[in-house]
Amino acid sequence: MQTDMNHNGPLMRIVGTVVGLGLLCAAAASAEPEKRSEHNPREILERVDKMMHGDSSSGVLVMTVQATHWTRTLEVEFSTKSADRFLVRILSPKKEKGTATLRSGSDIWNYLPKTNRVIKVPSVSLASSWMGSHFTYDDMLKDRRLADDFLSAVTNEEVTESGLLVEITGTPKPDAPVVWGSIQVVINTDLDLPRWIRYYDEAGELVRTLEFSDIGPLGGRRLPRRQRMTPADKPHEFTEVIYRELLYHPDLDDALFSLRALQR
Amino acid sequence: MPVLAYAWRNLGRNRKRTLITLLSLAFATAVLIVSFALLDGLIGDIENNITSISAGEVQIHAPGYLDERSLHRTLVDPAGILRIVEPTAAKAAPRSYGDGLLARDVRSSGCRFWGVDPAAERKTFSLPERILSGDFLSDQPERGIVLGEKLAHSLRAGVGDELDAIVQAADGSLGNEVFILRGILQTSGAEIDLSAAIIHERDFADLFVSGGAVHEIAVNSGGRISADRLRNRIRASAPGADVKTWREILPLFAGTVQNARKAVWVFSICFFLVAGLGIMNTMLMATYERTREFGIMKALGTAPRRIVGMILSESALLCLCATIAGAALGAAASLYLADAGLDLGGFPINMKMTTFIHSAVWRASLGWKNILLPVLCIWAVCIPAALYPALTASRLDPVRTLHGLY
């Protein structure tokens with residue numbers, strides 16, 4: 001049974017990135033460094049996009065949410081196919097086990113096992129948090145096409161011991177479905193992996209920061225296995241996602257991303 | 001006293017007119033007394049309902065809770081506060097509140113969940129008895145739920161139906177549980193009717209992952225201790241908490257009461273005008289008829305002052321008799337209405353629309369103030385009203401009146 005549900009955000013302001021962003025980030029392209037162009041920002045973003053919008057994959061991650069009023073750790077299994085389909089299911093704690101979220105195209109649904117209800121997340125609630133984390137449904141919904149949706153320019157370069165960090169500032173193209181005023185993406189161009197992404201609102205105020213760390217083997221590739229989203233107005237809060245397992249599949253069945261599968 | 005004797009005799013000169021005036025004044029007085037008594041009765045009834053149904057005389061919250069009703073702003077030591085109330089003549093009921101969604105089939109409605117201790121509620125308030133169908137919650141947590149009447153109706157839910165509760169829990173997770181509808185409440189005030197979803201406090205703790213946190217303690221002494229005294233006593237022993245009387249929590253009620261009183265006064269002013277004009281008319285007629293007399297009296301040397309006094313004393317006597325009769329009539333009617341009351345059951349206006357609940361029978365409440373006030377007001381109007389004819393009479397020119405040229 002479907003019900004329209006209005007997700008009222010938790011008491012704190014929610015900012016978050018896509019679990020999918022994290023997932024996609026994990027679904028990296030080949031680790032082979034490509035011929036370095038003269039720091040063409042669009043090319044760099046394309047490489048990041050390619051890494052993020054990867055192949056079909058599935059895996060398990062652990063999400064820790066630290067908020068003003070609570071701390072919570074979830075174990076979540078996920079499956080993702082192309083850029084617009086994913087299914088996440090909570091494995092633990094026991095109280096939330098079986099709760100799932102499905103994204104297919106531009107729709108998102110939640111499944112609540114205890115009441116056996118499938119609830120569509122209405123567009124008016126997309127800015128609200130996913131399960132109390134700093135991730136929003138909006139993050140899960142939007143295709144992360146940094147190269148296509150943003151006008152980008154290299155704004156800084158820094159040589160560090162882990163590699164050359166290139167900072168790219170992107171402003172959304174007029175017709176791009178982006179909620180941010182601008183973003184700053186810092187990429188380690190030697191590893192072709194993002195280091196962090198900062199999100200700014202229309203007034204230029206920093207809203208949240210997504211930090212990538214713990215680069216290591218994951219699914220046969222070298223990827224940042226830890227991501228932390230921190231809201232700017234509450235620096236003591238964060239949501240941290242750690243990837244435990246990741247598997248690439250050539251092609252996951254579309255049926256996996258259906259409402260029927262959601263209600264399993 | 002000769003003044004009274006004269007006044008009495010003069011009033012008796014036109015019995016019919018005197019009687020009619022007397023009756024109209026008496027009636028005005030009586031109507032006013034009954035109106036005030038009914039108003040006081042209504043207000044008292046509403047007050048009693050507010051305190052005894054579920055709000056209580058005093059409520060205790062964590063500081064700042066009432067501003068936003070945040071799930072996380074809980075009382076630090078609810079058990080301690082319950083211990084303070086325990087030895088007094090008052091009873092207390094602890095409650096937890098959280099907002100969420102109730103769904104049944106395809107219907108859903110926002111609601112406010114109350115986590116209560118059913119035994120404490122039964123001891124402290126009359127809400128558990130105000131059941132339209134089904135029962136109140138049992139003392140054991142069994143995932144039962146009791147709904148306000150309108151909420152149950154909007155979900156088309158009947159006793160025994162399964163309802164899905166979906167909430168944002170205190171730990172950020174999506175709380176969802178299935179409840180069984182145990183009972184539907186009679187109309188008990190708009191807020192309860194539309195949004196109350198009452199569950200056992202342990203079921204609340206499960207659903208909201210609240211760890212048993214308490215947001216409110218409502219205290220009711222059934223009138224044995226005044227609300228102010230109760231508040232002061234609790235405040236003294238629980239300095240960290242926000243302790244308020246129901247009047248402080250519901251300032252809207254005080255405003256409504258004030259407006260109701262003002263309305264009745266406006267209505268009363270009409271009656272005063274009628275009374276005043278009645279007296280004035282009567283005295284004008286009386287003095288008009290006796291103009292020759294006044295002329296002769298003045299010719300004989302009567303001071304104008306004394307003529308004024310004569311006429312005023314006539315109207316005073318009339319007023320006195322009328323108000324005594326009116327007070328007696330009004331008091332009798334009020335006492336009857338205090339006992340039997342007005343049955344509102346047949347009224348087409350759905351009283352369930354009101355924010356504040358009142359009983360099906362409207363009873364009056366008679367007090368000395370209700371009797372004295374209308375009487376004094378009638379006096380205050382009628383004496384000056386008689387002044388005009390009195391002064392006119394006292395200023396007559398004796399020569400002209402004796403010649404018939406008034």
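Given the structure is predicted, the values throughout are model-derived calculations rather than measurements. Letters A, B, ... mirror the listed sequences (proteins, then strands); counts begin at 1.
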A quick test of your reading: do over 12 heavy atoms of other residues, nucleotides or ligands sit less than 6.0 Å from [atom1] of [X]?
| X | atom1 | value |
| --- | --- | --- |
| R235(B) | CZ | yes |
| R104(B) | CZ | yes |
| E162(B) | CD | no |

Rounded to the nearest 0.5 Å, how far apart are [atom1] of [X] and [atom2] of [Y]?
| X | Y | atom1 | atom2 | answer |
| --- | --- | --- | --- | --- |
| L112(A) | E177(B) | CG | CD | 10.5 Å |
| N176(B) | N116(A) | CG | CG | 10.0 Å |
| I166(B) | I119(A) | CD1 | CD1 | 3.5 Å |

>> Between D99(B) and chain A, with a heavy-atom cut-off of 4.5 Å, which part of the residue counts as in contact: side chain, backbone, both or neither?
In response: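 It is neither, since no heavy atom gets under 4.5 Å.
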> So which heavy atom on K95(A) is nearest to which on S173(B), and how close?
Replying inline: NZ-OG, 4.5 Å
> So, for D171(B) and E96(A), which heavy atoms are closest and what is the spacing to 0.1 Å?
Replying inline: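 Nearest pair, atom of D171(B) first, then E96(A): OD2-OE2, 4.4 Å.
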>> Does D164(B) form a side chain to side chain contact (heavy atoms under 4.5 Å, CB included) with R117(A)? I'd like the steps, not just the answer.
In response: CA-CA 9 Å; D164(B) 298 336; R117(A) 278 190 179 265; 2.3 Å; yes
